[in-house]
Structures are given as C-alpha cells and as structure tokens.
**Q** 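Structure provided below as structure tokens; questions to follow.
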Amino acid sequence: MPKDDPWDADASRDVARLNPGRPKAGMYGAVPEDEPAEEPPAGDPDSDGEEEFEEIEVVPVRAKLSVAIGGFAALLALALIIGSLTTGPDIRLPYAVVLFGVQLLGLLAWTMALNPPAASVTAGVAGVTGLVGCYLAATADEAGLTPLLYVTLGGFLVAIVGQTFRAEDRHLITDSWRTTLLIVLGVVAYVIPIVLSRQPLGGQAILVCCTGAGLALLVARLTDAVFPKPRIAAQVPRGAAGVVLGAMVGTFVTAWLGSQLVLPFTPAKGAVTGLVAAVAAILVDLAVNFGEAGRRLAGEAPTFWLARHMTGPLGGFALAFAATYALVHLYLT
C-alpha cells in the first residue's frame, strides 16, 4: 500500500543507504552544492590535458676552456713522469717537494668544491697529513703502503675532531664525514708515486700510468673542443666521442710503451695498465662535471672557477695512482 508521506524518516535512511556518496537528508542536505568551476572553452590550447614540461637548458661547450684543461692535465702528467724518472736513493726529497706542491693544489680545489664543515681546519689537517706522508715515504727504510694507511686514518680522525668545536659544524659531521675522508685520501694518494719509485717496477708503472691518464684527459678535452657530440647530458658540457677516443688513445700508446719496457711489461700488460689509469682519470673528470651540473640545477653557488677546472684532472690522477699501485702488486708481479 502506498504511504501517505513517501519521504518519511525510513525512506530517507533507505535513500542514504543506497546512495552513500550523497549528503544525508536534513537541514544540511538542503544546502546547494558549490557551482562547478567554469570549463575552458573548446578552443583553448591548454585544455588538451597535456602537462607542460620545462625546457632543459643545454650548457654550451667552451672550446678554449676545454683546451686549457687538457693542457693542464698534460703538463701535470709530464711533471709527474719527469719527477719519477729523475728520482733516486739520494734525491727523493726534491720529488717529494714537487708532489707536496701538487697536493696543495688538489687540496685547494677539493676543499672549495666539496665544502666540508670547518673548511679551514679540514684543509689544514689534510695538508699536514700530506706533508707527513711525503716525509715518511721518502725517508722510511722500507717502501710500503702501511705507513700511509696509518697517516690517512690519523689525519681523518683529527679532521673530524676539529669539526666538532663549533655547533654549526658539529651537526653536519654525520652527513659530511665521507667528504672529509675523500679529501684526506686524495691528498695522501699523491704520496704513492714516491712509494712506487722505490720499488722495482714502480718507475715503469708510473710512466705507463701517467702516460695513459694524461693522454686520455688531453685527447678527451681536445675532442670536446672540436666535436662535443653526442652530448652525455644537456647540462654537462662533455661529449661521448671525446671520452671514448681518449681512453682508446691512452690504451694504444701504453701498449706501445709496454713493448719498449723491460719484463714483466709486455704490450698486453702495458695496455691493461694504461686502460685502467685512463678510465679512472676520465671517470673522475666526468664525475666532477656532473657534480657541478648538480650544484647549478640545485641553485647553489658555483665553485671558484680555478678550483672548478683543476678538480677533475687532479682527482683523476689521484685515483689512477691508487689503481696503479694495486696493479703493480696484484697483476704485474
């Protein structure tokens, strides 16, 4: 039978139960909903629903700058090679002085690029660590890597302690201890040529290592100045052709050097040693370029121009020396 009032309380509850998304009956249910927003006209170009993408800025390659960085890498390799060939039992200290000067250049570049907490304290401790490492490597009775490991660990711990004095630096230690360790390791890595020069295969290994790394960086940068394509990334002013060509030229020349040196060097072993050094130097150089691009995209202040351009070659040779020491004791002997 039909009811006298079809919209009594029971019917309202049934409607609400069947339509849970609609407002409940009552005084609030009678309030009209807000008017829907006006839709854009059909001819509006923004009404197609497609997202707008921000245009990626392509950083231009500066040819003269690439040539200058490549020339710096070549001069650094030449200085390291000449120093290793002219050192001897009674003339190790001059080579140590030259390497300490390179350490100071690297320390300046890495401190400004990585910006650790208490930068002045960290730089001072790392400089003293490098000086102590050079002295021990040149004057120790036996040439080995163990004293350098102790010096590195001590310098790292002292630098961390120095960063705890100020409150604004203390709370950054948890995130920046890797940066501090990287700076100390980079400085101490330039002591490795002194250690290698006192070992039977060290002088030849340094020759092959510096030749491969220096030629790789030089050819890569010169190629970027002429043909920086295909671009590795739009924000990074480097080309893939230079990276590949630099590694190939470095490997080819070191293979020829391996045929000219005495045993156990052979063309194959010279090529492997040169390839490892070349790849290590190029990867560090590229990592520096990507780091600078990241700083620019994040809106941070760029590194001082001189330090920014020296960081790649200096870091590349530091890693190449560590790889060469490992090859001498694990592959060549």
Side-chain angles (χ1 to χ4, degrees), residues 59 61-83 97-116 119-120 122-124 126-127 129-131 133-134 179-193 209-225 228 236-238 242-243 246 250 277-296 300-323:
V59 178
V61 178
R62 299 165 59 185
K64 293 182 179 179
L65 179 60
S66 297
V67 173
I69 296 175
F72 171 73
L75 290 176
L76 180 60
L78 185 61
L80 293 172
I81 291 173
I82 293 175
V97 172
V98 172
L99 289 174
F100 181 66
V102 179
Q103 284 177 331
L104 293 181
L105 283 178
L107 180 60
L108 171 66
W110 299 327
T111 303
M112 298 184 69
L114 300 177
N115 193 22
S120 58
T122 303
T129 302
L131 181 61
C134 288
T179 300
T180 304
L181 179 60
L182 192 62
I183 293 174
V184 177
L185 284 174
V187 171
V188 177
Y190 276 94
V191 185
I192 294 178
C209 162
C210 292
T211 301
L215 279 177
L217 292 175
L218 175 62
V219 173
R221 290 291 186 170
L222 292 181
T223 306
D224 288 340
V236 179
R238 299 295 303 274
V243 173
V279 171
I282 288 178
L283 287 180
V284 173
D285 196 23
L286 282 177
V288 171
N289 292 130
F290 274 95
E292 288 298 326
R295 291 170 65 97
R296 184 169 54 253
E300 300 179 4
T303 310
F304 180 60
W305 66 271
L306 184 60
R308 182 169 65 250
H309 302 323
M310 291 193 308
T311 302
L314 290 169
F317 278 100
L319 183 59
F321 285 141

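We use all heavy atoms of the structure for the numbers below, so side chains are in, but hydrogens, waters and symmetry mates are not.
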**Q** Identify each donor-acceptor pair in which a side-chain atom of residues 210-222 lies under 3.5 Å from a protein atom, sequence neighbours left out, and give them as a table.
**A**
unit_1	atom_1	unit_2	atom_2	d
Thr211	OG1	Leu207	O	2.6
Arg221	NE	Asp285	OD2	3.2
Arg221	NH2	Asp285	OD1	3.0
Arg221	NH2	Asp285	OD2	3.2

**Q** Within the structure provided, determine whether Val279 and Leu283 are in side-chain contact (heavy-atom separation under 4.5 Å).
**A** yes
**Q** Looking at every heavy atom in both Phe317 and Ala77, which two are closest together, and how far apart are they?
**A** CZ-CB, 3.6 Å
**Q** Testing the basics here: between Ala126 and Val187, what is the closest heavy-atom pair and its distance to 0.1 Å?
**A** O-CG1, 3.5 Å
**Q** Mind listing the closest non-hydrogen atom pair of Pro193 and Leu99 along with its distance?
**A** CB-CD1, 4.1 Å
**Q** Provide the closest heavy-atom pair for Cys209 versus Phe321 in the form atom of the first, atom of the second, distance.
**A** SG-CD2, 4.1 Å
**Q** Give, for atom NE2 of His309 and atom CG of Leu65, the distance between the pair rounded to the nearest 0.5 Å.
**A** 4.5 Å
**Q** What I'd like to find out is whether the side chain of Thr111 reaches to under 4.5 Å of the side chain of Pro116, using heavy atoms alone.
**A** yes
**Q** Could you check if a side-chain atom of Leu182 sits within less than 4.5 angstrom of a side-chain atom of Trp110, using non-hydrogen atoms only?
**A** no
**Q** Using a 4.5 Å cut-off on heavy atoms from C-beta on, say whether the side chain of Ile183 contacts that of Leu107.
**A** yes
**Q** What closest approach, in Å, do Gly133 and Val191 show between heavy atoms, and which atom pair accounts for it?
**A** O-CG1, 3.2 Å
**Q** Is the shortest heavy-atom distance from the side chain of Gln103 to the side chain of Cys134 under 4.5 Å?
**A** yes
**Q** Which atom names give the shortest non-hydrogen contact between Val284 and Gly315, and what distance separates them?
**A** CG1-C, 3.4 Å
**Q** Heavy-atom count around Arg296 CZ within 6.0 Å, excluding the residue itself: above 12?
**A** yes
**Q** Give a yes or no answer on whether the side chain of Tyr190 reaches the backbone of Leu314 with a donor-acceptor pair at less than 3.5 Å.
**A** yes
**Q** Let me confirm one number: the CZ-CD1 distance from Arg62 to Ile69, rounded to the nearest 0.5 Å.
**A** 8.5 Å
